[in-house]
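Since this is a predicted model, take the numbers as computed values, not measurements. Residue numbers start from 1 in every chain, and the chains themselves are labelled A, B, ... in the order their sequence lines are given, proteins ahead of strands.
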Number of protein chains: 2
Amino acid sequence: MDIELATNALKALAHETRLRIFRRLVQAGPEGLCVADLAGHLNAEANGSFSFHLKELSNAGLIRNRQEGRFIYYIANYPAMNELLGYLTEHCCAGEPCGEQIHTCATTENNP
Amino acid sequence: MDIELATNALKALAHETRLRIFRRLVQAGPEGLCVADLAGHLNAEANGSFSFHLKELSNAGLIRNRQEGRFIYYIANYPAMNELLGYLTEHCCAGEPCGEQIHTCATTENNP
DNA sequence: ACAACATTTTGACTATTCTATAAATATGGA
DNA sequence: TCCATATTTATAGAATAGTCAAAATGTTGT
């Protein structure tokens with residue numbers, strides 16, 4: 001992960017519709033969701049604007065897709081997300097105990 | 001953390017200069033850095049543009065500052081960062097083991 | 001009080017991103 | 001083959017964000 005990839009990913013997430021899409025896909029798991037269902041869950045329409053946002057997330061490498069019949073399923077790219085999170089917290093407090101809690105899986109209630 | 005706070009934070013981070021500033025402050029620890037030193041570390045100038053970016057990060061709640069003499073020290077807001085990271089990964093894979101590694105402190109080489 | 005320093009604010013200009021609409025592509029079924 | 005469905009692409013206009021230069025604010029030392 002370099003600064004350019006990271007800013008691209010953050011730009012992609014920095015929009016309410018796209019953040020909703022991404023979070024929904026993170027929650028959906030490795031099966032993903034097809035565009036219409038995804039839009040349905042978010043009370044959005046599967047129109048040109050929605051498609052534009054999917055493309056932004058794809059270009060940033062945060063989501064992937066597969067075609068199944070005439071549906072296209074989008075899936076969160078978990079490794080990409082993890083790289084981004086790691087990049088943000090890298091070398092936190094120069095390695096010294098900083099007295100602040102750093103995010104861990106345990107804090108997100110439901111990790112393997 | 002709600003969607004609006006999260007998008008504001010992500011927008012703030014979604015710019016190369018601001019991401020550099022933020023990461024540098026994360027690495028600097030709770031003492032923070034004054035503007036001139038911060039700019040120096042990033043090969044940037046402590047000018048109006050730099051100040052604009054500091055304000056964006058402040059407004060998003062990602063950094064704080066304190067005045068010391070005629071210097072202003074900026075400090076990463078660790079709890080805000082952690083809330084953001086948690087928000088992005090919340091309910092990952094709907095609680096099912098997803099087979100993907102989720103970011104943990106252990107992966108960032110240097111956590112308390 | 002004055003001068004120098006550190007940083008922020010303002011305002012005008014440019015660039016980038018978002019939305020809306022319409023048309024295009026691709027797939028599956030009758 | 002033809003039609004309906006699912007989704008993307010293209011284009012133009014509207015909205016938002018970023019940069020630059022200059023002036024303003026607040027602080028310290030003399």
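- Between A:L33 and A:R24, some side-chain heavy-atom pair lies under the 4.5 Å cut-off.
- Looking at which nucleotide of DNA chain C each of A:A14 and A:Q67 is closest to, the 5′-most match is held by A:A14.
- In this structure, B:H53 reaches the D:dT19 phosphate: one of its side-chain N or O atoms is under 4.0 Å from OP1 or OP2.
- Distance A:N8 CG to C:dT16 P: 13 Å, rounded to the nearest Å.
- Side-chain atoms of A:F71 lie closest to D:dA6 of the nucleotides D:dT8, D:dA6, C:dA6.
- The nucleotide whose nearest atom lies closest to any side-chain atom of A:H15 is, among D:dT19, C:dT8, C:dT19, C:dT19.
- Comparing D:dA6, C:dC18, C:dT8 against the side chain of A:R18 picks out C:dC18 as the nearest.
- Closest to the side chain of B:R70, out of C:dT27, D:dT8, C:dA4, is C:dA4.
- Residues B:L10 and B:L88 meet the side-chain proximity criterion, which asks for heavy atoms closer than 4.5 Å.
- Note: CZ (B:R66) to P (C:dT7) measures 12 Å, nearest angstrom.
- Counting non-hydrogen atoms under 4.0 angstrom, B:S51 reaches a base of the nucleic acid.
- A straight line from CD of B:E56 to P of C:dT9 spans 12 Å, rounded to a whole angstrom.
- Within the 4.0 angstrom heavy-atom criterion, only backbone atoms of the sugar-phosphate kind lie near A:Y74; the bases stay farther away.
- Counting non-hydrogen atoms of other residues, nucleotides and ligands closer than 6.0 Å to CD of A:Q67 gives a total above 12.
- Note on A:F52: a base of the nucleic acid sits closer than 4.0 angstrom, heavy atoms only.
- Across the protein-nucleic acid pair, B:L38 atom CG and C:dT7 atom P stand 9 Å apart, rounded to whole Å.
- Contact annotation: A:K55 does not reach the phosphate of D:dT8 (side-chain N/O to OP1 or OP2, under 4.0 Å).
- Contact check for B:L25 versus B:L62: no side-chain heavy atoms found under the 4.5 Å cut-off.
- Residue order along DNA chain C, read from the 5' end via each residue's closest nucleotide, puts B:N47 first among B:N47 and A:N47.
- By the 6.0 Å and 45° rule, A:R23 stacks over the aromatic ring of B:Y87.
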